[in-house]
Trainee: 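This is the structure I have questions about; it appears just below.
For ligands, and for the atoms within them, numbers begin at 1 and follow the listed sequence. Along the sequence shown, residues are numbered consecutively beginning with 1.
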Amino acid sequence: VNKIGVLTSGGDSPGMNAAIRAVVRTGIYYGLEVFGIMRGYSGIIEDDMFQMSSRSVANIIQRGGTILKTARCKEFYNEEGRKKAFANLQKRGINGLVVIGGDGSFTGAYKLSKEFGIPCIGIPGTIDKDLYGTDFTLGFDTAANTAVQSIDKIRDTADSHDRLFIVEVMGRHAGYIALHSGIATGAEHILMPEVNTTIEEIISSLSEQEKRKKLVNLVIVAEGYMPDPSNPKIKGANEVARLLEERLKGLEIRVTILGHIQRGGPPSCIDRLIASRMGYHAVESLLEGRYNVMVGILNNNMHYTPLEIAIREKQKMGEDWLDIVKILAS
Ligand code: F6P
């Protein structure tokens, strides 16, 4: 490997720039040529890439988003698109790829490595933290902190009015932002796709709390939470509010959907550190011939998960967290 490409793909996340910087500077340190690829896999198909220097990544470690831009590239799903991409990589002599993104992005990397033998390394970049083989993903810590700051503000007004607030946080199929921000803000309920909490359970606990004259209630809902998993169309905070209002007539509920605010902003210190560490080890891994793996951190050690496993498996939520939620919210 002497010429590598780096790209960001899927939803952006704070820390992606810090990872790009680490890949570029480590690559150059070891004498590699490093190419920045624009808009994820679209940039390979359209041959939109440029050689990067140490200076081209100056002053970006503190910036959210990604200087390489990102996309969810439909064309790359079919073999035709990938053939075009391979031809462009070959033309430029790029013989290694670092892909920063989530499981969808790793699927593309896995296919490229399998079909054309391009050595690929994945760096976990998603605010959802739903990847197997790593305790950290870029952007999760920042997103959870953004959610905590916003929920603290909502609690002030909820408390003044003795109201029930339902706050929706991101997480397409994962409840980690909900879990972490919910515990950290003392939420009464945390609703996540991983746990089958029914509306009935929430209603009975609200009635219980009413008897105890507990007036302020914060319910944190992951966007992917479904009160009835057999009906996937009904999900998220608005639906939870509708179902509760139907049953508890007269209850005043307000809904806040935090949305994409959670994807932006300067990365936290942790996100900058893990991005730097993962970026450095991604290049080392290519140089050592450890190909087609996702670079992760488990128990403060680097951990390498084959891409095909990283795509297939999901991170398991620690059971103790669920007990902690139940006990501390009472
Ligand atoms: O995967 C990150 C994420 O922010 C999810 O939490 C969310 O469901 C999704 O991306 C939103 O994607 P988009 O910005 O394309 O609407």
Trainee: Which of parallel (below 30°), tilted (30 to 60°) and perpendicular (above 60°) describes F116 and F86?
Mentor: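 Plane angle under 30°, so parallel.
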Trainee: Among all residues two or more places apart in sequence or in another chain, which pass the side chain to side chain contact (heavy atoms under 4.5 Å, CB included) test with S204?
Mentor: none
Trainee: Between ligand 1 and the protein, give all atom pairs where both partners are nitrogen or oxygen and the distance is under 3.5 Å, as lines of names plus distance to 0.1 Å.
Mentor:
from, atom 1, to, atom 2, distance (Å)
ligand 1, 1 (O), D128, OD2, 3.2
ligand 1, 4 (O), R263, NH1, 2.8
ligand 1, 6 (O), D128, OD1, 2.7
ligand 1, 6 (O), D128, OD2, 3.4
ligand 1, 6 (O), G171, N, 3.1
ligand 1, 6 (O), E223, OE2, 3.2
ligand 1, 8 (O), E223, OE1, 3.4
ligand 1, 8 (O), E223, OE2, 2.7
ligand 1, 10 (O), R263, NH1, 3.1
ligand 1, 14 (O), H260, NE2, 2.8
ligand 1, 14 (O), R263, NH1, 3.0
ligand 1, 14 (O), R263, NH2, 3.0
ligand 1, 15 (O), R72, NH1, 2.4

Trainee: Got a sec, which residues hit salt bridge (charged side-chain N to carboxylate O under 4.0 Å, His left out) with D141, two or more places apart in sequence or on another chain?
Mentor: none
Trainee: Who are the ring pair (Phe, Tyr, Trp, His ring centres under 6.0 Å) partners of Y41, not counting sequence neighbours?
Mentor: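 In terms of ring pair (Phe, Tyr, Trp, His ring centres under 6.0 Å), with neighbours along the sequence ignored, Y41 is linked to F76.
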Trainee: Are H189 and S205 close enough that a side-chain donor and a side-chain acceptor fall under 3.5 Å?
Mentor: yes
Trainee: Does the distance from a Lys or Arg side-chain N to an Asp or Glu carboxylate O, for R242 and E246, drop under 4.0 Å?
Mentor: yes
